[in-house]
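In what follows, every chain begins at residue 1, and chains take the letters A, B, ... in the order their sequences are listed.
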Amino acid sequence: MQLQHDDIKLGLAQAIDQALRKQGVELSSETIYDQIGKAPNIEMGHFAYPCFDLAKQFRKAPPLIAKELSAQIEPDRLIASVEAAGPYVNFFVNPQAMGDLVALPILDGRFFRKDLTRDTPKMMVEYSQPNTHKELHVGHMRNLSLGDALIRILQYAGNEVISSTFPGDVGTHVAKCLWYIKYHNTDPMPDTEKGAWLGRMYTLGSLKLEDELGSPQEAINRQQLSGILSQLEAEEGEFFDLWKETRQWSIDLFNWVYDWAGVTFDKWYWESEVDVPSVAYAKTLLQRGIAIESQGAIGVDLSEYNLDFCVLIKSDGHGLYATKDLELARRKFEDFHIERSIYVVDVRQSQHFQQVFKVLELAGFEEAEQCYHLAYNFVELPDGPMSSRKGNIIAIMDLIRQMVDRVIREYLEQYRGDWPDAEIEEVANIITKGAIKYGMVRVDPNKKIVFELENWLNIRGESGPYIQYTYARINSILRNLNDHDLDSADWSLLTEPLELAILVKLADFNNVVALAAEQYKPNHLTRYLYELAQTFNGFYNSHSIKHTESAALKGARLLLSKAVAVCLREGLALLNIPVPERM
RNA sequence: GGUCCCGUAGCUCAGUUGGAUAGAGCAGCUGACUUCUAAUCAGCAGGUCCCAGGUUCGAGCCCUGGCGGGAUCACCA
């Protein structure tokens with residue numbers, strides 16, 4: 001539920017409210033506020049109020065109501081003029097008021113510290129659940145970008161949010177990797193890029209195991225794998241030592257990527273730490289009669305909820321993914337006293353979470369209804385889904401390297417000698433972050449992304465770098481033209497339609513972020529930032545800031561530009577995308 | 001078969017909770033840098049919003065039924 005934080009809409013709602021009262025009609029201010037929208041284009045108006053809902057009360061046709069209503073609204077500090085257009089009342093606003101209520105608060109930061117939403121439970125967002133002993137691929141990057149952006153947006157909207165991650169450091173995938181290293185690998189142990197090497201071992205292992213299914217070798221393999229798993233569980237033996245060492249290699253890779261992306265977690269939960277306790281918990285469910293024994297396994301029959309049977313303890317006594325999530329869900333609420341728990345996990349786990357939440361509910365864990373699986377669709381390649389198991393993945397490392405190289409070669413090489421080499425390297429990384437994160441988050445979470453490398457490396461048009469470029473461009477203008485510090489401007493001089501279009505767009509920032517927070521959809525923000533940048537670039541290309549008829553107008557345009565830059569920077573920050581000072 | 005998601009321009013996607021003439025990018029074509037950053041901008045072209053009903057002042061959006069694609073459904077995670 002959004003608070004009424006938009007001063008412009010509030011001002012318009014007041015004027016409409018007064019005009020309606022004069023005609024003897026009373027509406028709640030919320031209703032009016034919520035109905036105020038944008039005019040279709042800047043020639044028709046800046047904001048619009050539709051009169052359809054008034055038809056019943058007035059017993060008149062909406063166009064007639066719009067006409068009478070607009071006649072009742074007097075221009076004031078905010079409202080420059082009012083026009084009825086069919087069933088709509090269209091408002092033109094004064095640049096002076098827009099400057100005071102929008103641009104100035106943006107420039108001094110007040111604008112970004114408003115409370116946007118009413119219900120702000122303390123929540124935990126869990127995201128990034130990579131498996132050790134596998135390579136991180138671009139699919140993991142979507143999860144990382146989405147979860148990180150979501151947390152920042154939720155915090156901005158006023159929620160207290162704790163971030164957590166849940167890496168999978170135990171399980172059969174680990175055994176397959178260690179199995180291959182020990183029994184089949186002939187390469188020397190690596191000195192560098194150990195995480196990536198491990199990922200290859202996993203792929204080779206799972207391919208070999210798949211190959212040998214149905215062969216005499218199968219039984220031997222099975223025995224060897226089970227031996228490995230036993231050692232890991234007993235926490236002793238050569239495989240346990242190898243596990244400890246190689247596990248760290250993967251963690252080092254995770255940390256490299258997290259550092260690069262600027263992501264941190266308040267809490268790391270490990271599958272290995274909840275494994276044993278989760279099985280113990282499942283046994284209590286059996287005792288309580290919530291779980292039953294079936295076909296040698298122990299689980300909960302959820303068929304009456306259309307969720308099938310949820311196995312919690314395998315016939316060999318081991319727990320499963322669902323078992324661990326049962327334990328983890330409870331720990332989260334205990335450890336941090338949260339009121340809401342969000343899981344950013346790909347859509348293929350939907351049924352898994354439905355089962356987990358339902359079992360918790362049946363077990364009497366009331367917070368289960370505050371657990372929410374934020375399912376997003378996965379990233380796939382043009383020729384089908386990615387699979388570490390099969391080895392057809394694009395590693396995050398490879399994407400980053402290729403993109404950094406491309407950015408330097410195509411755009412930054414021209415500055416070589418002029419800029420320090422370190423800055424070229426840094427800016428290339430900033431741009432790469434912009435391209436990758438923006439690309440991952442711009443698509444609606446429940447639509448899949450078909451990853452085509454060449455499209456991603458081409459960063460023209462709608463992209464993170466477009467917005468970063470606009471920021472750097474404004475920065476350059478300010479550097480060159482802002483000879484003395486401006487702290488105020490005569491906003492009333494900004495009468496060009498494109499200048500007003502910018503102000504109107506700026507005013508919408510908080511509405512968009514609030515919407516993104518409500519819907520858990522950061523793509524509303526990416527879209528907004530792109531449109532804001534686009535609006536500015538349109539203005540920039542048709543109006544000179546440097547050459548104006550007066551110094552006052554130049555000052556106003558400079559401050560307007562600066563407000564755009566601040567807004568772009570703050571918006572990108574919510575996506576954890578940095579901006580370069582020049583590019 | 002059950003459940004969930006998707007279907008909008010050649011391709012990739014928006015569409016602010018039901019509002020005015022459905023918008024961007026890529027690809028294609030035409031223009032704009034001795035000027036404040038051309039990683040940009042302006043313009044052209046491109047549409048049965050999967051189909052059929054329904055709800056109402058109004059539907060790309062909501063409801064019902066189809067069609068097409070994807071995911072998932074007992075000891076992997």
Side-chain angles (χ1 to χ4, degrees), chain A residues 34-35 37-41 44 48 50 52-53 55 61-62 85-88 90 129 131 134 168 170-173 176 271 294-299 306-316 318-322 324-325 346-352 354-355 375 377-378 380 385 389 407 410-412 431 442-444 446-450 452 455 458-463 465-466 468-470 472-481 508 511-512 514-516 518-519 521 523-524 526-528 530-531 533-534 537-547 554 557-558 561 582-583:
Chain A
D34 288 343
Q35 288 198 337
K38 272 158 269 171
N41 59 59
M44 294 180 76
F52 302 103
D53 288 353
Y88 294 88
N90 287 344
Q129 303 85 351
N131 284 324
K134 289 189 191 178
V170 286
T172 47
H173 68 277
K176 287 179 185 176
E271 282 195 16
S294 166
Q295 298 173 28
I298 293 168
N306 210 359
L307 288 171
D308 298 302
F309 189 83
C310 177
V311 175
L312 295 177
I313 301 178
K314 296 194 281 185
S315 30
D316 66 3
H318 287 105
L320 285 119
Y321 185 38
K324 292 172 196 147
D325 255 325
D346 120 32
V347 67
R348 282 171 286 202
Q349 258 63 266
S350 288
Q351 203 200 30
H352 161 77
Q354 282 179 29
Q355 289 184 331
N377 221 318
F378 47 94
E380 67 173 39
R389 198 164 45 79
V407 167
E410 246 173 69
Y411 300 105
L412 298 176
I431 292 165
R442 65 177 273 263
V443 180
D444 189 307
N446 50 23
K447 288 192 181 178
K448 73 182 174 193
I449 292 179
V450 179
E452 292 185 65
N455 290 349
N458 174 20
I459 53 175
R460 291 166 198 279
E462 193 206 333
S463 67
Y466 175 94
Q468 292 171 316
Y469 176 79
T470 309
R473 166 184 260 179
I474 295 172
N475 213 43
S476 162
I477 297 166
L478 293 169
R479 220 174 17 241
N480 292 326
L481 300 184
D508 209 24
N511 293 321
V512 172
L515 184 73
E518 269 176 11
Q519 299 188 346
K521 287 186 178 183
N523 54 307
H524 285 119
T526 55
R527 194 73 197 179
Y528 168 83
Y530 173 67
E531 286 169 1
Q534 210 177 29
N537 283 324
F539 162 74
Y540 171 88
N541 273 279
S542 54
H543 298 79
S544 178
I545 298 170
K546 189 179 189 179
H547 304 108
K554 179 178 163 185
R557 284 184 174 172
L558 274 173
S561 305
R582 54 180 180 174
M583 67 185 270

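For B/rU21, the base is anti relative to its sugar; the glycosidic angle deviates from 0 by more than 90°. Base orientation at B/rC33 is syn, since its O4'-C1' glycosidic dihedral falls within 90° of 0.
Across all strands shown, A/D346 has no heavy atoms under 4.0 Å from either base or sugar-phosphate atoms. Here A/E452 lies out of heavy-atom contact (under 4.0 Å) with every strand. No contact: A/S463 has no heavy atom under 4.0 Å from any strand. Residue A/P50 is classed as having no contact, given no heavy-atom separation below 4.0 Å to the nucleic acid. Base contact: A/R527 has a heavy atom under 4.0 Å from a base atom. A/Q295 comes within 4.0 angstrom of a nucleotide base, judged by non-hydrogen atoms across all strands. Residue contacts shown for A/D444 are limited to sugar-phosphate atoms, with no base heavy atom under 4.0 Å away. Heavy atoms of A/K448 sit under 4.0 angstrom from primed sugar atoms or phosphate atoms, though from no base atom. Nucleic acid contact class of A/V443 (heavy atoms, under 4.0 Å, all strands): sugar-phosphate only. Residue A/A55 is out of contact with every strand shown, counting any heavy-atom pair closer than 4.0 Å.
Pair assignment for B/rG23 gives B/rC13, based on Watson-Crick or G-U wobble hydrogen-bonding distances that are each under 3.5 Å. Under the Watson-Crick or G-U wobble criterion, with both distances below 3.5 Å, B/rA42 is paired with B/rU30. Shown here, B/rG58 forms no base pair; nothing in the strands shown gives a Watson-Crick or G-U wobble contact with both key distances under 3.5 Å. In this structure, B/rG1 and B/rC73 make a Watson-Crick or G-U wobble pair, each of the two defining distances being under 3.5 angstrom. If you check B/rG65 for Watson-Crick or wobble pairing at under 3.5 angstrom, you find it paired to B/rC51.
Listed for the A/R557 side chain is a donor-acceptor partner under 3.5 Å among the backbone atoms of A/S544. With hydrogens and angles ignored, the 3.5 Å screen pairs a side-chain donor or acceptor of A/Q355 with a backbone N or O of A/L307.
The same atom, C1', is picked in B/rA9 and in B/rC26; the two are 12 Å apart, to the nearest Å. Annotation: B/rU35 and B/rC29 have their P atoms spaced 27 Å apart (nearest Å). Taking atom P in both B/rC41 and B/rG7, the straight-line distance is 28 Å, to the nearest Å. Distance noted for atom C1' between B/rA32 and B/rG15: 31 Å (whole Å). Distance noted for atom P between B/rU8 and B/rC51: 10 Å (whole Å). One C1' atom belongs to B/rG54, the other to B/rU40, and the distance between them is 48 Å to the nearest Å. B/rG58 sits 31 Å from B/rU12 when the C1' atoms are compared, rounded to a whole Å. Taking atom C1' on both nucleotides, B/rC50 is separated from B/rG69 by 11 Å, rounded to a whole Å.
Between A/H352 atom NE2 and B/rA74 atom P the separation is 14 Å, expressed in whole Å. One interatomic measurement links the two molecules: CG of A/N511 to P of B/rU17, which rounds to 10 Å at whole-angstrom precision. Atom-to-atom, CG of A/L515 to C1' of B/rU16 comes out at 5 Å; the value is rounded to the nearest Å. Protein atom CD of A/Q349 is 15 Å distant from nucleotide atom C1' of B/rC5, rounded to whole Å. In this structure, the CG atom of A/L307 is 10 Å from the C1' atom of B/rC73, given to the nearest Å. Between A/K134 atom NZ and B/rC76 atom P the separation is 14 Å, expressed in whole Å. The separation between A/I449 atom CD1 and B/rA71 atom C1' is 16 Å, rounded to whole Å. Note: NZ (A/K38) to P (B/rU21) measures 18 Å, nearest angstrom.
Annotation: side chain of A/E462 is in contact with side chain of A/R527 (closest heavy-atom distance under 4.5 Å). In this structure the side chain of A/K521 reaches within 4.5 angstrom of the side chain of A/D444, judged on heavy atoms.
Dashed line: the shortest gap from a side-chain N or O of A/H318 to OP1 or OP2 of B/rC76 is not under 4.0 Å. Distances shorter than 4.0 Å separate some side-chain N or O of A/K447 from OP1 or OP2 on B/rA14.
Applying the side chain to side chain donor-acceptor pair (under 3.5 Å) test to A/E518 and every residue at least two apart in sequence or in another chain returns nothing. Under the rule for a side chain to side chain donor-acceptor pair (under 3.5 Å), the partners of A/D53 that lie at least two apart in sequence or sit in another chain are A/Q35.
Two residues, A/E271 and A/F378, neighbour RNA chain B, and the one matched to the more 5' nucleotide by heavy-atom proximity is A/F378. When the nearest nucleotides of RNA chain B are assigned to A/V311 and A/R442 by heavy-atom distance, the more 5′-ward of the two goes with A/R442.
The CD1 atom of A/I459 sits 8.0 Å away from the CD atom of A/Q468 when rounded to the nearest 0.5 Å. Atom CG of A/N523 and atom OH of A/Y530 lie 15.5 Å apart (nearest 0.5 Å). Atom CZ of A/R473 is separated from atom CG of A/N537 by 4.5 Å, given to the nearest 0.5 angstrom.
Scanning all heavy atoms of the two residues, the minimum distance from A/G461 to A/Y466 falls at O-CB, 3.2 Å. Annotation for A/A39 and A/M44: closest pair CB-C, 4.4 Å, computed over non-hydrogen atoms.
The nucleotide whose nearest atom lies closest to any side-chain atom of A/N306 is, among B/rC6, B/rG2, B/rA14, B/rG2.
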Checklist outcome for this item: 5' to 3', nucleotides 25-41 of chain B under a 4.0 Å protein heavy-atom cut-off (B base, S sugar-phosphate only, - none) gives SS---------BBSBBS

